[in-house]
Amino acid sequence: SIIMSSIADVSTEENKARNFGMVGAAFGIGFILGPTLGGILADDQLVSWFNHATPFWFTSLLTIINLLFITFAFEETLTQSREVQVTPFKGIQNLITTARSPKLRSIFLVVLLLSLGFAFFTQFFSVLLIQQFEYSEKDIGFLYGWVGIWLVFTQAVIVRRLSGRVASRK
């Protein structure tokens, strides 16, 4: 959310789609490195003390480093002050507003279904691979890394080219 907000703050209408495409490409690079590295870190045949928990410990360490970086080194990107009243029920109000708007409702429904589909894919496809095809954690990590390569290609090449031809509003 911090990256998305920062990109929105620093982008112009002309380069917004391209910049968000690059964020998608960075997500794809994470999808290459994360599962691949996780699969390797869970392989006790590689290092005897690696186990199923090793990727989680590594991720925890990266999260702490990320929080420290954001807290102490990341500068504010919003140049103009916005007066926004934050209340405990603002999120609920936003959901109600979204549900009442036909255009927003359809967009958010698509985003919800896409997010659920991707979450189900990443969570349950690995179970299928283990049960039906006897994949190891490392095999699954490499497979998801391969998927990540195509995510990067789609975002960095296809979206980048289309962003020059199709207006951001569309």
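One is the number of the first residue; the rest follow in order along the sequence. Excluded from the calculations below are hydrogen atoms, water molecules and symmetry mates; all remaining heavy atoms, backbone and side chain alike, are included.
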Exercise for the section: Please check if atom CZ in Phe56 has more than 12 non-hydrogen atoms from other residues, nucleotides or ligands closer than 6.0 Å. Expected result: no
Practice task
State plainly whether one hydrophobic cluster holds both Phe69 and Ile64, where clusters connect Ile, Leu, Val, Met, Phe, Trp and Tyr through side-chain heavy atoms under 4.5 angstrom apart.
Solution key: no
Handout entry: Rounded distance (nearest 0.5 Å) linking atom CD1 of Ile7 with atom CG of Asn19
Key = 5.0 Å
Completion exercise
Interatomic distance, CG@Leu67 vs CZ@Phe74, rounded to 0.5 Å, equals 13.0 Å
Exercise for the section: Any chance you could lay out the side-chain contact (heavy atoms from CB on, under 4.5 Å) test for Asp139 and Leu143, step after step, and finish with the verdict? Expected result: CA-CA 6 Å; Asp139 296 332; Leu143 177 66; over 6 Å; no
Practice task
Please examine the side chains of Pro55 and Phe50, heavy atoms only from C-beta on, and report whether any two atoms are closer than 4.5 Å.
Solution key: no
Practice task
Give a yes or no on whether Ile130 and Phe133 share a hydrophobic cluster (residues Ile, Leu, Val, Met, Phe, Trp, Tyr; joining criterion: side-chain heavy atoms under 4.5 Å apart).
Solution key: yes
Practice task
Side-chain contact test, heavy atoms from C-beta onward, threshold under 4.5 Å: evaluate it for Ile149 versus Trp146 and give yes or no.
Solution key: yes
Problem - Arg18 side chain reached by Asn15 side chain, heavy atoms, under 4.5 Å - result: yes
Practice task
Answer yes or no: is there a donor N or O on one side and an acceptor on the other, between the side chain of Ser5 and the main chain of Ile2, under 3.5 Å?
Solution key: no
Handout entry: Atom pair OG (Ser60) and CD1 (Ile65), whose distance is rounded to the nearest 0.5 Å
Key = 11.0 Å
Practice task
Check whether any side-chain heavy atom of Met22 sits under 4.5 Å from a side-chain heavy atom of Gln155, and report yes or no.
Solution key: no
Exercise for the section: Apply side-chain contact (heavy atoms from CB on, under 4.5 Å) to the pair Ser6 and Val10, showing each step before the final yes or no. Expected result: CA-CA 6 Å; Ser6 299; Val10 300; 5.7 Å; no
Practice task
Answer with yes or no whether the side chains of Asn94 and Thr97 bring together a donor and an acceptor at under 3.5 Å.
Solution key: no
Exercise for the section: Ignoring hydrogens and angles, tell me if any N or O in the side chain of Ser11 forms a donor-acceptor pair with the backbone of Ala8 under 3.5 Å. Expected result: no
Exercise for the section: Please round to the nearest 0.5 Å and tell me the distance separating atom CH2 of Trp150 and atom CD1 of Ile158. Expected result: 8.5 Å
Practice task
Please answer: with hydrophobic residues joined when any side-chain heavy atoms are less than 4.5 Å apart, are Ile29 and Phe153 in the same cluster?
Solution key: yes
Handout entry: Pair Asn66, Thr63: side-chain N/O donor-acceptor within cut-off below 3.5 Å
Key = no
Exercise for the section: Answer whether the closest heavy-atom distance between the side chains of Asp44 and Asn51 falls below 4.5 Å. Expected result: no
Exercise for the section: Would you check if Leu129 and Glu134 make a side-chain contact, meaning some heavy-atom pair closer than 4.5 Å? Expected result: no
Problem - Ala119 backbone acceptor or donor facing Thr122 side chain under 3.5 Å - result: yes
Practice task
Return yes when atom CD of Glu76 has more than 12 non-hydrogen atoms of other residues, nucleotides or ligands closer than 6.0 Å, and no otherwise.
Solution key: yes
Problem - Residue pair Tyr144 / Ile140, side-chain heavy-atom distance below 4.5 Å - result: yes
Handout entry: Side-chain donor/acceptor of Thr36 to backbone N/O of Phe142, under 3.5 Å
Key = no
Exercise for the section: Indicate yes or no: at least one non-hydrogen side-chain atom of Leu41 is less than 4.5 angstrom from one of Glu137. Expected result: no
Exercise for the section: Taking Asp43 for its side chain and Ile40 for its backbone only, find out whether a donor-acceptor pair lies under 3.5 Å. Expected result: no
Problem - Main-chain N/O of Ala99 paired to Arg105 side chain as donor or acceptor, under 3.5 Å - result: yes
Problem - Single-linkage hydrophobic cluster Ile70~Leu62, side-chain heavy atoms < 4.5 angstrom - result: no
Handout entry: Cluster overlap Phe20 with Val152, hydrophobic side-chain contacts below 4.5 Å
Key = no
Handout entry: Closest non-hydrogen atom pair between Gly30 and Pro35, with its separation
Key = O-CD, 3.7 Å
Practice task
Could you tell me whether Phe118 and Phe31 have their ring centroids closer than 6.0 angstrom?
Solution key: yes
Exercise for the section: With rounding to the nearest 0.5 Å, note down the distance linking CZ in Phe125 to CZ in Phe120. Expected result: 16.0 Å
Handout entry: Separation between CG of Leu37 and OG1 of Thr59, rounded to the nearest 0.5 Å
Key = 8.0 Å
